[in-house]
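One structure is given here, and the rest of the page talks about it.
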Amino acid sequence: MKQRVSALLREKIGREVVLEKPRDRSFGHFATPIAFSLAKELRKSPMIIADELASSFEDSDVFSKVEAVKGYLNFRLSEEFLAQYASWALSNPSDFAKQEKNQKILLEFVSANPTGPLHIGHARGAVYGDTLYRLAKHLGYDITAEYYVNDAGNQIDLLGLSIQLHARENLLDETVEFPESYYRGEYLDGLSRDAMEKFGVEIFYDESRQKELALWAKDEVMKIVVKDLGDLNIFFDTFVYESGLYADWDRVMKKMGSGIYEKDGKVWIASEAKGDEKDRVVVREDSRPTYLAGDIVYHNQKFERGYDHYINIWGADHHGYIPRVKAAVEYLGYDAQKLEVLLSQMVSLLKDGEPYKMSKRAGNVILMSDIVEEIGADALRFIFASKKSDTALEFDLAEFKKQDSSNPIFYIQYAHARIQTLLSKASVSREDINVSSLKNLGENADTLLFDALLLPEVIEDAFTTRQVQKLTDYLKSLAASLHKFYYDVRMIGTDDEAKLLKLLLVVGLSLKTGLSLLGIEAKDRMEKEAE
RNA sequence: GCGCUCGUAGCUCAGCUGGAUAGAGUACUGGUUUGCGGUACCAGCGGUCACACGUUCGAAUCGUGUCGGGCGCACCA
């Protein structure tokens, strides 16, 4: 709709025009302050310009009214236009709000180390990434979801050691000294038991077999990670393993040319020249590559695979890492502009109003799977999607278990269920509903119809600005409009029943489509709360 | 100390490519259809948009500075 209006304006005025939503719907469907910016160039008062522009739209079928108010230009779409658009959407529900974009995007997210199950902090980045992925898919981008598995380096050795000690302490009742830095947590119980079955007790005592144990364990941990993500409706297209990348290191190093140099027996990347705080070591004196080396090879591989755009979602604590990776990308001869790094901020939990501290060492980490069990995948996804990803977030578990309007996901689901209930009580046939006209329904219904048809713009906006909360906000307000409409207007048994139910179908379609983009399935009926 | 980021209602958060009286939920107070699920709806209360200066016809939004919070500043990943 907006594109259509924009195009008309561009034609008339000869430039790109900012369209906004009027604060008050009585002003119209769209508005623009364009006259203010034209005022200077034309040396005329904004009021007069707006008046002139308004009258030039008089004979358009798209608008029923265009008027100038205090320099603003307000547009009201015609019933005819809205009704046609709605009918098209209903007869092509799977195409509603879809587009064809010609861009290949690689989206990397989560990428948590395979040393333990995902915790609540990972969940935020996971939900954010998956929501962007769904939006992009819907908009027609050719997008790939990728998980980078850091299965090399110290933390993997540590995993092997941690299992050995955990097993000896818990399975074999030994008293062992557990160093600070080792991993703890319940998941080690299962791993220890499985390891004992597979390898026998000896493996917990044999230092030379730590590596073997670790390599087995990280794959087991990845299985847990993938399953937990699946429970949240999150799936990846590809997994890239860090351990498999280093074979390519020599070639990649040469490719960076002057970006790489040797000093003090180590190999460095000249990242300072590209905006980093200082140069970084990529190969140590003992010739072991650093983590950065792996990431360089990985990004080289990404670019060699040839996408138009790359998005990485990282935890906010990695923000200092961005300049060095971009520097590497430039030395590799690629356009660092194509690499977009989005940060997912910290999450803090409140329990009974008190901050709850997590610590890996203490093993009291709040696991993502625990939260899913507690409040459900839908509520978790919704709450994370509805907060801007780059601000720190605090949330209280109790809030999201409630089943009333204080819990937005519940409120939206109820709106959708309400529509289904009404449809099931209809006294007219589906055919009558489909062929009925959406005209002459009155002010309230027109408003609701317009709101429901805004979905395509919202999806586009949410993706291009990477602000997925625009979608959740939209769904909340559409649900509110529906609930209000339901309260105000009786539908079943009235003369306008078929028309009104058609309107509900449009609203239902937007709710359902919007929810599915959040990875949430719309419900047809609400379960009564079990006391 | 340096860098990034945030500071909007009692609380949790939107709004930030500058635009019409700053929004929602929650909390609190009071109400609601002789009707389609009241798991809903309405109204009231509540704001010097951290502070100061600047740019502009116009600033929560842009710029500079101050104060305050978070994160980062590894040859760890």
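We name chains A, B, ... by the order of the sequence lines, and we start the count at 1 in each one.
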What interatomic distance, in whole Å, is found between C1' of B/G58 and the corresponding atom of B/U21? 15 Å
Polar atom pairs (N or O), protein with nucleotides 72-74 of chain B, under 3.5 Å:
{"unit_1": "B/C73", "atom_1": "O2'", "unit_2": "A/E277", "atom_2": "OE1", "d": "3.3"}

Gap in Å between the two P atoms, one belonging to B/G37 and one to B/G10, rounded: 39 Å
What class does the angle between the rings of A/W268 and A/Y261 fall in, given that below 30° is parallel, 30 to 60° is tilted and above 60° is perpendicular? parallel
Among B/A77, B/C36, B/U32, find the nucleotide with the atom closest to the side chain of A/Y291. B/A77
Quick one: the dot-bracket string of RNA chain B, using Watson-Crick and G-U wobble pairs with both distances under 3.5 Å, [ ] for crossing pairs and | for bases paired to another strand. (((((((..((((.....[...)))).(((((.......))))).....(((((..]....))))))))))))....
For A/R418 and A/Y414, what are the C-alpha separation, side-chain angles and deciding distance, and is it a side chain to side chain donor-acceptor pair (under 3.5 Å)? CA-CA 6 Å; A/R418 193 160 235 182; A/Y414 182 42; 3.2 Å; yes
With A/Y246, which residues qualify under side-chain hydrogen bond (donor to acceptor under 3.5 Å, both in side chains), at least two apart? A/E242
Any residue meeting side-chain hydrogen bond (donor to acceptor under 3.5 Å, both in side chains) with A/S477, in chain and number order, not counting sequence neighbours: none
Inter-nucleotide C1' distance (B/C49, B/C16), Å rounded: 11 Å
Please table the atom pairs, donor to acceptor, closer than 3.5 Å between any side-chain atom in residues 314-325 of chain A and protein atoms at least two apart or in another chain.
none

Touch class at under 4.0 angstrom, heavy-atom based, for A/A31 against every strand present: base
When rounded to the nearest Å, what value does the distance between C1' atoms of B/A52 and B/A59 take? 15 Å
Sorted by chain and residue number, the side chain to side chain contact (heavy atoms under 4.5 Å, CB included) partners of A/T32 (sequence neighbours excluded) come out as A/V17, A/L19, A/I34, A/L73, A/F75
Would you indicate what A/V341 reaches in the nucleic acid, counting non-hydrogen atoms under 4.0 angstrom: base, sugar-phosphate, or nothing? nothing
Going by the rule side-chain hydrogen bond (donor to acceptor under 3.5 Å, both in side chains), which residues pair with A/S271 if we only count those two or more places apart in sequence or in a different chain? A/D276
Across the strands shown, which category fits A/N74 at heavy-atom distances under 4.0 angstrom: base, sugar-phosphate, nothing? base
A/Q467 near the nucleic acid: base, sugar-phosphate alone, or nothing, with a heavy-atom cut-off under 4.0 Å? sugar-phosphate
Taking any heavy-atom pair under 4.0 Å as a contact, classify A/R525: base, sugar-phosphate, or nothing. base
Who are the side-chain hydrogen bond (donor to acceptor under 3.5 Å, both in side chains) partners of A/N154, not counting sequence neighbours? none
Can you sort out the partners of A/W249 under ring-ring contact (aromatic ring centres under 6.0 Å, His included), two or more places apart, ordered by chain and number? none
